[in-house]
Visitor: 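Structure provided below as structure tokens; questions to follow.
The basis for the numbers below is simple: all heavy atoms, side chains too, and nothing from hydrogens, waters or symmetry mates. Each ligand, and each atom within it, is numbered from 1 in the order the structure gives.
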Amino acid sequence: MAKRSERPGRGGPSLPTALIHHPYQPPAGFGAPQPGVHKASTVLFANTAAMRARTWKEKVGYTYGLHGTPTTFTLEERIATLEGGAHTLLVPSGLAAIALVDLALLRAGDEVAIPDNAYNPSKELARHELAHWGIGHRFYDPMDPASLRAAMNPATRLVWLEAAGSVTMEFPDLRALVGVARERRVRVALDNTWGAGIAFRPFEIGIDISMHALTKFPSGGGDVLMGSVTTRDEPLHLDLKMTHMRMGWGVAANDAETVLRSLPSLPLRYAAQDAAGRALAQWWAARPEIAQVLHPAHPSSPGHAHWCGLCSAAAGLFSVVFDGRYTAAQVDAFVDALQLFRIGYSWAGPMSLAVPYDVMAMRPKSGYRGPLVRFSVGLEAVEDLIADCEQALGALPRLTTSR
Ligand SMILES: Cc1ncc(COP(=O)(O)O)c(C=O)c1O
């Protein structure tokens, strides 16, 4: 009996082999708005000499899927363009991007300075893994450059910046903070997720590294996790790249393709979410139920003057602090009553989101007395979002006396 895999009468390879070694040629001369998707763990070499000639330290050809494919290299170039940098590395999440910077630049005995209103998992990484490895950390008040100066000492090797601050949305004087780090010649990394390469040009304020949770605006769909680390300085990029390689933090081509597809609409989405976020923040500012709007473009928000001095736009992300007479349970009932704003973490996707926070426990020094709700404004019509907030406020009891 003829073997099942034989291709009778053709004299070619067997069927399983023929299905793998298909005479496929990349479509030279084929043009399309989006780049092709190239998926690989294994990258093939024409011969051993070609294999030995390749190195993954520089982007000279391809070596192994983990270290880059045409799809991930294309996205890296686009993110470098977005940030105004020269070199970008992609990692599987924004938090992994923070970890990459910490792991690449810090050794046992070093210290890192982190804003006390930073994205909390970054602080947790310092409190746990970095501490276990003998790396110290100090939290500073980003609204007071003297606090950063006081937090630095000869062991400080890295200063993190974040603008706006996580949840409480303070906008620091980034130039002044960079100046303090420069006094001691310490490297500065910025979490640029909020600015997204749109609100301001991160490298123009003198930072060394721009870290970006691509999960937010660049993905734009609420469906992809990815992070990036961008630099202008090539030796610094190569240091980061070696750690990236040793940690095995590659990203999947399909995820990279999704972000590539969303990138062209990023400026439009950012502008739309900014406009809706400001309109909504303005509406909230006139509501008697709240004590404060926290939105960098709103005059009452901490650091508004710094935002005015640096930025041309703002992300559609803001918080409101409720009157201190409302309990957390009452504000939870308001959040539960929202229909269009859904309850969920993250931001910058098409669907508006709301999350209540216990700001008094989270930022005791802030002096805020009431529960806080953070809103991520999506791409719905702003009048519908305002109507949604208005109807959900019906879940709150009326306050009898004024503040
Ligand atoms: C400011 C900021 N940085 C980093 C991250 C982490 O991004 P990811 O969720 O992709 O790990 C987040 C996520 O919420 C964030 O808000």
Visitor: Look at E111 together with R157 and state whether they make a salt bridge at an N to O cut-off of under 4.0 Å.
Guide: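 No, this pair does not count.
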Visitor: Find all atoms of ligand 1 within a distance of less than 4.0 Å from any non-hydrogen atom belonging to D191, and give their numbers and elements.
Guide: 1 (C), 2 (C), 3 (N), 4 (C)
Visitor: Quick check, are the ring centers of F73 and Y62 under 6.0 angstrom apart?
Guide: yes
Visitor: Relative to the heavy atoms of E162, which atoms of ligand 1 are at a distance of less than 4.0 Å?
Guide: 1 (C)
Visitor: Contact between W347 and ligand 1, counting heavy atoms under 4.0 Å?
Guide: yes
Visitor: Output yes when the distance from some N or O of ligand 1 to some N or O of L95 is under 3.5 Å, and no in every other case.
Guide: yes
Visitor: Would you check the N or O atoms of M211, main chain and side chain alike, for any that come under 3.5 Å of an N or O of ligand 1?
Guide: no
Visitor: Does a donor on one side chain and an acceptor on the other come within less than 3.5 Å for N117 and E162?
Guide: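 No donor-acceptor contact under 3.5 Å links the two side chains.
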Visitor: Among all protein non-hydrogen atoms, which one is nearest to atom 14 (O) of ligand 1, and what is the separation to 0.1 Å?
Guide: K216 NZ, 2.7 Å
Visitor: Is the closest side-chain donor-acceptor distance between E83 and S210 under 3.5 Å?
Guide: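 Yes, because at least one side-chain N or O of E83 sits under 3.5 Å from a partner of the opposite role on S210.
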Visitor: Under a plain distance cut-off of 3.5 Å, with no hydrogens placed, do K39 and T69 share a side-chain donor-acceptor pair?
Guide: no
Visitor: By number and element, which atoms of ligand 1 are closer than 4.0 Å to a non-hydrogen atom of T193?
Guide: 3 (N)
Visitor: For G94, counting its heavy atoms only, list the atoms of ligand 1 lying under 4.0 Å from any of them.
Guide: 6 (C), 7 (O), 8 (P), 10 (O), 11 (O)
Visitor: Does any non-hydrogen side-chain atom of W194 lie less than 4.5 Å from one of W347?
Guide: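 When only atoms from C-beta onward are counted, W194 and W347 do touch, with a gap below 4.5 Å.
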Visitor: Taking non-hydrogen atoms only, is T215 closer than 4.0 angstrom to ligand 1 via side chain, backbone, both or neither?
Guide: side chain
Visitor: Are side-chain N/O atoms of T88 and T230 paired as donor and acceptor at under 3.5 Å?
Guide: yes
Visitor: Distance to 0.1 Å, residue and atom name: give those for the protein heavy atom nearest to atom 15 (C) of ligand 1.
Guide: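 Of the protein heavy atoms, Y119 CD1, 3.6 Å lies nearest.
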